[in-house]
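Worksheet: one structure, shown below.
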Amino acid sequence: MQWILTVSEQPPEWFTQLVKQYTPASTGLFAAQLLWQRGIKDKSQLAAFINHKSYQPASPFEFGEEMHLAMKRLQQARNAGEKITIWGDFDADGITSTSVLWDGLGQFFKQNQQLNYYIPNRLKESHGLNIAGIDNLAQQGCKLIVTCDTGSTNIDEIIYAKNLGIDVIVTDHHTLPAERPPVTAIINPRYLSPEHPLFHLSGVAVAYKLVEALYQTLPDVPQEPLENLLDLVAVGLIADLVQLSGDCRYLAQLGIQILQADFKQPPAARRRPGVGRLLELCQKNGDRPTDISFGLGPRINAVSRIQGDASFCVELLTSRDIKRCHELAEITELANTRRKSLQKDVQNQVTQKLSQLDLSTTSVIVLEDTQWPAGVLGLVAGQVAQETGRPTILLSTEGTGDNSLATPLARGSARSINSVDLYQLVKDQAHLLHRFGGHPYAAGLSLPVENIPLFRDAINQQLRQSLGSINLSPTVQADITVTVADLGKELFFELKLLEPCGMGNPVPKLLIQNCWFENTWHRNQQDSQGKKVQYIKTDFDIRDDSTKNAFPGIWWGHYKEELPLGRCDCIAELDYNTYKKRYEVRLIAVRPSAESGLKTHNSAQILDWRNFPSQESPAPSQESLIIDECPTHWDELRAWWRRSLYNNQQLALAWSKPHHQPPMEIWLTLVGIAKYLSRTNQPVTRVQLVKKLGISNQTLLLGIQALKYYGFTVTRQDRDLHISWNASTVSESKGDVAVAQFLAAISEEQFQQNYFTDVPLSTIMAMVNSH
């Protein structure tokens, strides 16, 4: 991973003094430097950026004629008593958009009689309008559909609705079609110039602008103040990762204040008891944008990822029924726990598959599996893209997709990195796809399973040709350099001036050099019912020479062994832990420090002695750290690499191509050993078995599990294993499954060892330095 430090241009003294007015408890130097770097360079800009009261928001009628058309049609529906359906989407932006229209339009149209809403099922339907749903609405007498966060490109479906006598008003922020769709009105900021303060609105903010226009058109009708919708607007804006500038920033700032004020009320007095309960469950208090991006947003998104149908989330966000809201919040929390576990499972499987790829010849990562749940693929693809610096497409071939097609379909998600327009990459392969949609950083797609190899080759070739020799190494950027002594409350409140952070105004990344870690430990996170889930975090204390005091921190998704020994450089974010009531750093990246006496990463530090005949092998020097056992996983190699760096040694790869026994022979050998030991009552150690069978500890455990179904009982006493046999415990049907797993694990291990025998040294260097 490449580390980049933003070139720091020191702001002039007059600007630092201006910023200091907003940070009376500290010098304001760090905040001034960050604001100056991000283009905030005069007094009026600074005031509008920091204080929403100094910002003049744009009128909803800046959408021009389209907004006037929408108002005219909504008034017509109100006067005629027509049935209206809000057509939403299943992600956090779509759910909050639907909720804003449900509450907002609900001031003008009677809910559940004149006004209803529809959210597609993520696992059965795609984003946007669909024919079956429109048919259903027509049967219910619907005369007007108002979309939110979707609909701009659904030309065929809009025409179909029109033929059934249903008008459509689209509110959306996604890519526009080549021609204006045949709708009554389309409110989409993409029609505005990129410099316009409304251009970056997300779906929920566009929905809010529609309601705002209706409030201005019929000011005597609403009973609730318009501002009551802004907490939902803030949730959707921040969860959708849009650029928080212009009106987006203004609406998010206001909304966070309203969210926080409501949460401070006693539970019985809260206007949104569902939101309050969700914040309690994720141990947040709503005053930070990260409470949304790491708390509320993922939980709302998790429901459709796990259950498909997320309709109840609108009730969760808008209902005043405390008991019902608390029930729905608990369901949402458990869905998120399940999402974390599935995500970690898929992440581990993807890591395994990645270890079989030569990243030096891979421009776009395309992986598929029959078992992957489609709902979490986008999240994992995003992680892989960040870690590898390559656009990543993950596909699930589970089920057969569209039953009307003879060929099975793979469904999946794609995520990109900053320099690559993924949408265009995927679009250029449209002839191989069933359907696709998205934007430059993220896309969803489906294609016939048989087309996957062609698709993989074509998209890799296309990106290679367009990039030329551009390096796809993943990068992480630090904004300012600080010491451990700088960390704490004063710095936190300086950095808080930049909130809410998001696209275009990222959370400040801090570079801490020549530091080290103490008191490291990791644990599985638990769900609300106390059950362990596969989600790891490491706690630590960070120290450097600037102070005698340590500072606490966490590293999500990593084990403590992944922290380098000795002195390090790290990039982190400063945060406040509401639950523990403490300031802490959140680790983003870490590497051994250049000042710690460790050599910089270069191939001269690794000697490649693989497959030498023993007589001709170079004599190992005393300084070399020698690996003579062929590894089966990149993590093993990375552990050796860290050890060699710490000890300032060269690492010698000295394994030879292993002579593998067929997996079935290994199983029969294990059974023979078990029979002999059960007859003679002799003990055996796990090390002896591993050495005899030529397999890993993990695979041996699968073998022991299989033995149990054939009547063998394996007990442990100190380091010894004792094996006995009882015919009454034989279960051959379960045994066959267990043996198959054992044989598959051996095959996988042998495949990996063959891979590590021949993998180029350049790939080894790239992979050991990638974490």
Side-chain angles (χ1 to χ4, degrees), residues 89 91 93-94 120 122 125-130 147 149-158 170 172-181 186 188-191 194 199-200 202-203 240-242 362-368 374 377-382 384-385 388-397 401-402 405 407 409-468 470 472 503:
D89 195 30
D91 66 8
D93 192 22
R122 183 195 279 264
E125 304 166 77
S126 62
H127 297 275
L129 299 165
N130 63 63
T147 76
D149 194 35
T150 196
S152 292
T153 55
N154 290 132
I155 310 294
D156 293 342
E157 291 82 0
I158 289 164
V170 167
D172 192 12
H173 70 122
H174 291 100
T175 309
L176 295 167
E179 294 178 16
R180 181 186 183 275
I186 177 167
N188 189 322
R190 301 286 158 187
Y191 283 116
F199 181 77
H200 292 292
S202 72
D240 206 49
L241 302 176
V242 292
T362 304
S363 302
V364 183
I365 293 166
V366 181
L367 298 171
E368 80 274 3
L377 292 185
L379 297 169
V380 179
V384 174
T388 60
R390 285 155 176 74
T392 299
I393 302 171
L394 301 181
L395 300 164
S396 173
T397 55
D402 189 333
L405 294 173
T407 51
L409 285 179
R411 290 179 61 213
S413 292
R415 294 292 183 270
S416 193
I417 50 165
N418 293 337
S419 56
V420 179
D421 184 342
L422 183 69
Y423 181 81
Q424 193 58 46
L425 264 183
V426 174
K427 186 180 176 184
D428 288 347
Q429 308 306 325
H431 59 288
L432 296 172
L433 305 176
H434 172 58
R435 64 187 297 172
F436 75 97
H439 54 76
Y441 299 121
L445 67 159
S446 59
L447 73 163
V449 172
E450 62 191 27
N451 286 359
I452 293 175
L454 282 171
F455 175 73
R456 180 187 289 115
D457 291 346
I459 204 166
N460 264 282
Q461 184 178 2
Q462 184 189 347
L463 184 58
R464 271 196 298 273
Q465 287 170 349
S466 61
L467 284 179
I470 292 176
L472 279 176
M503 297 276 284

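All residue numbers in this chain count up from 1 along the given sequence.
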Do T153 and H174 come close enough that some side-chain heavy atom pair is under 4.5 Å?
-> no
D89 vs H127 side-chain heavy atoms within contact, under 4.5 Å | yes
Ignoring hydrogens and angles, tell me if any N or O in the side chain of S416 forms a donor-acceptor pair with the backbone of A414 under 3.5 Å.
-> no
Step by step, would you call S152 with N188 a side chain to side chain donor-acceptor pair (under 3.5 Å)?
-> CA-CA 8 Å; S152 292; N188 189 322; 2.9 Å; yes
If you round to the nearest 0.5 Å, how far is CG of L394 from CD of E368?
-> 10.0 Å
Output yes when a side-chain donor or acceptor of T147 lies under 3.5 Å from a complementary backbone atom of T150, and no otherwise.
-> yes
Closest non-hydrogen contact found for H173 with G203 is CD2-N, 3.3 Å
side-chain contact (heavy atoms from CB on, under 4.5 Å) between I186 and R180, worked out = CA-CA 8 Å; I186 177 167; R180 181 186 183 275; 4.1 Å; yes
So among V366, L409, V449, which one has a side-chain contact (heavy atoms from CB on, under 4.5 Å) with L395?
-> V366
CZ of R190: more than 12 outside heavy atoms within 6.0 angstrom?
-> yes
Ignoring hydrogens and angles, tell me if any N or O in the side chain of R411 forms a donor-acceptor pair with the backbone of A374 under 3.5 Å.
-> no
Interatomic distance, CD@Q462 vs CG@D428, rounded to 0.5 Å, equals 4.5 Å
Nearest 0.5 Å please: distance from the OG1 atom of T397 over to the CD atom of E450.
-> 13.0 Å
Does the D421 side chain pair with the main chain of Q424, one donor and one acceptor, at a distance under 3.5 Å?
-> yes
How far does CG of N451 sit from CD of Q429, to the nearest 0.5 angstrom?
-> 10.5 Å
Closest non-hydrogen atoms of A410 and I452, given as atom of the first, atom of the second and distance, are CB-CD1, 3.9 Å
Nearest non-hydrogen partners of D172 and D149, listed with the distance | OD1-C, 3.1 Å
Of the non-hydrogen atoms in A430 and F436, which two are nearest, and what is the gap between them?
-> CB-CE2, 4.1 Å
Check: L463 and P391 side chains under 4.5 Å, non-hydrogen atoms | yes
Identify the two heavy atoms, one from S363 and one from R464, that lie closest to each other, and give their separation to 0.1 Å.
-> OG-CG, 3.0 Å
Pairwise distance CG(L377) to CD1(I393) - rounded to 0.5 angstrom | 12.0 Å
Determine the minimum heavy-atom distance between L367 and R456, stating which atoms define it.
-> CA-NH2, 4.5 Å
Under the side-chain contact (heavy atoms from CB on, under 4.5 Å) rule, what do I459 and V426 come out as? Steps first, then yes or no, please.
-> CA-CA 7 Å; I459 204 166; V426 174; 4.3 Å; yes
